[in-house]
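Data block below; observations after.
For the single chain, residues carry numbers from 1 onward in sequence order.
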Amino acid sequence: MLEQSYYEKTDEIIKHHGSKANSLISVMQDVQAEYRYLPGELLSYIADKLGIPLAKAYSVATFYENFSFDPKGKYVIKVCDGTACHVRKSVPVREALEKHLGLGKDKRTTDDMIFTLEIVSCLGACSFAPVMTINDKVHPKMTPDKAIEIIEELKKGECQ
């Protein structure tokens with residue numbers, strides 16, 4: 001069960017966008033921006049508040065790839081595995097990050113909720129391949145060593 005503050009914040013977001021069915025995507029986007037994921041309990045709450053069936057809200061949330069029902073870390077790392085990045089060696093970058101952070105196919109977020117690693121099919125920055133983003137900041141021409149160095153810098157910032 002979520003804390004009451006989640007519902008209160010969601011009420012603020014709904015009030016901002018209006019309690020109408022066509023506000024669904026905007027409300028879900030703002031809720032996800034607030035919590036870095038879309039809690040299932042809040043999806044049900046949103047559907048009820050907007051007067052739409054939960055099935056409709058769920059179908060929208062699962063149709064768009066940017067919505068996630070899984071909690072994400074403070075830093076969302078995306079490693080591109082599109083054609084340009086793949087041929088320019090994005091796999092060793094991904095493998096180095098997985099090993100360094102203790103992540104893998106079945107575990108995408110660190111236990112401390114600081115890092116989430118996602119493998120994506122394209123980030124649209126092919127000329128910078130292989131590319132990685134962290135919270136949408138582009139890191140071009142990535143190597144395994146450079147990726148680990150960036151992670152270590154972020155960790156230092158967390159300890160201060």
Side-chain angles (χ1 to χ4, degrees), residues 1-88 90-91 93-95 97-98 101-140 142 147 150-151 154:
M1 179 130 194
L2 296 173
E3 294 177 15
Q4 184 62 30
S5 62
Y6 280 70
Y7 297 99
E8 291 166 359
K9 183 62 179 177
T10 301
D11 284 339
E12 289 176 28
I13 291 168
I14 291 170
K15 184 177 179 182
H16 174 77
H17 291 288
S19 297
K20 51 196 184 300
N22 66 356
S23 298
L24 177 63
I25 292 175
S26 298
V27 170
M28 290 190 316
Q29 286 174 322
D30 285 0
V31 167
Q32 180 159 295
E34 181 72 23
Y35 301 111
R36 295 190 305 268
Y37 79 112
L38 185 59
E41 290 177 52
L42 283 185
L43 184 62
S44 177
Y45 185 76
I46 292 166
D48 185 54
K49 288 287 190 175
L50 299 183
I52 61 174
L54 177 57
K56 178 176 175 128
Y58 184 79
S59 69
V60 171
T62 56
F63 177 79
Y64 292 103
E65 193 173 303
N66 65 320
F67 291 117
S68 173
F69 292 115
D70 297 321
K72 294 189 179 194
K74 179 178 180 180
Y75 299 104
V76 178
I77 306 161
K78 295 181 182 180
V79 176
C80 182
D81 196 36
T83 303
C85 288
H86 189 85
V87 299
R88 292 187 180 145
S90 65
V91 172
V93 172
R94 182 202 74 217
E95 290 172 341
L97 288 167
E98 286 175 337
L101 295 170
L103 301 174
K105 288 182 183 181
D106 296 331
K107 183 179 179 186
R108 287 286 166 208
T109 300
T110 57
D111 292 337
D112 59 8
M113 297 299 294
I114 301 294
F115 297 101
T116 295
L117 177 62
E118 297 178 348
I119 311 309
V120 297
S121 55
C122 187
L123 288 168
C126 302
S127 61
F128 299 119
V131 69
M132 166 178 95
T133 63
I134 300 178
N135 293 354
D136 299 322
K137 180 181 179 201
V138 177
H139 296 273
M142 202 48 40
I150 292 168
I151 298 305
L154 291 171

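Contact detail for Ser19 and Leu50: the closest heavy-atom pair is CA-CD2, 3.7 Å. Heavy atoms only, all atoms of each residue included: Ile52 and Ala21 are closest at CG2-CB, 3.4 Å. Nearest approach of Lys56 to Ser59, heavy atoms of both residues: O-OG, 2.8 Å. The two atoms that bring Cys80 and Ser121 nearest to each other are SG-O, 4.1 Å, heavy atoms only. Between His86 and Val91, the shortest heavy-atom contact is CE1-CG2, 3.5 Å. A pairwise comparison of heavy atoms in Leu97 and Ala147 identifies CD2-CB, 3.9 Å as the closest pair.
Side-chain atoms of Gln32 come within 3.5 Å of backbone atoms of Asn66 as a donor-acceptor pair (strictly under, hydrogens ignored). For the pair Ser23 (side chain) and His17 (backbone), a donor-acceptor distance under 3.5 Å is present.
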Please tabulate, for side-chain N and O atoms in residues 35-42, each donor-acceptor pair with protein atoms closer than 3.5 Å (sequence neighbours left out).
| unit_1 | atom_1 | unit_2 | atom_2 | d |
| --- | --- | --- | --- | --- |
| Arg36 | NE | Lys72 | O | 3.3 |
| Arg36 | NE | Gly73 | O | 3.0 |
| Glu41 | OE1 | Leu2 | N | 3.3 |
| Glu41 | OE1 | Tyr7 | OH | 3.1 |

Which donor-acceptor pairs under 3.5 Å do side chains of residues 123-140 form with protein atoms, sequence neighbours excluded?
| unit_1 | atom_1 | unit_2 | atom_2 | d |
| --- | --- | --- | --- | --- |
| Asn135 | OD1 | Val76 | N | 2.7 |
| Asn135 | ND2 | Lys74 | O | 3.1 |

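Proximity of Tyr45 to Asp11: side-chain heavy atoms (C-beta onward) are separated by under 4.5 Å at one or more points. Looking at heavy atoms from C-beta onward, Asp70 lies out of side-chain contact with Thr116 at the 4.5 angstrom threshold. You'll find the side chain of Thr62 stays beyond 4.5 Å of the side chain of Phe67, heavy atoms only.
Between the NZ atom in Lys49 and the OG1 atom in Thr10 there is a gap of 10.0 Å [rounded to 0.5 Å]. Note that CD1 of Ile77 and CD of Glu98 are 10.5 Å apart. Values are rounded to the nearest 0.5 Å. Here the OG-CG distance, from Ser90 to Asp81, works out to 4.0 Å after rounding to the nearest 0.5 Å.
In Gln4, the CD atom is crowded: over 12 heavy atoms of neighbouring residues, nucleotides or ligands sit closer than 6.0 Å.
The existence of a salt bridge linking Arg94 and Glu118 is excluded, since no basic side-chain nitrogen approaches an acidic carboxylate oxygen closer than 4.0 Å. In this structure, Lys15 does not pair ionically with Glu12, as no charged nitrogen and carboxylate oxygen lie closer than 4.0 Å.
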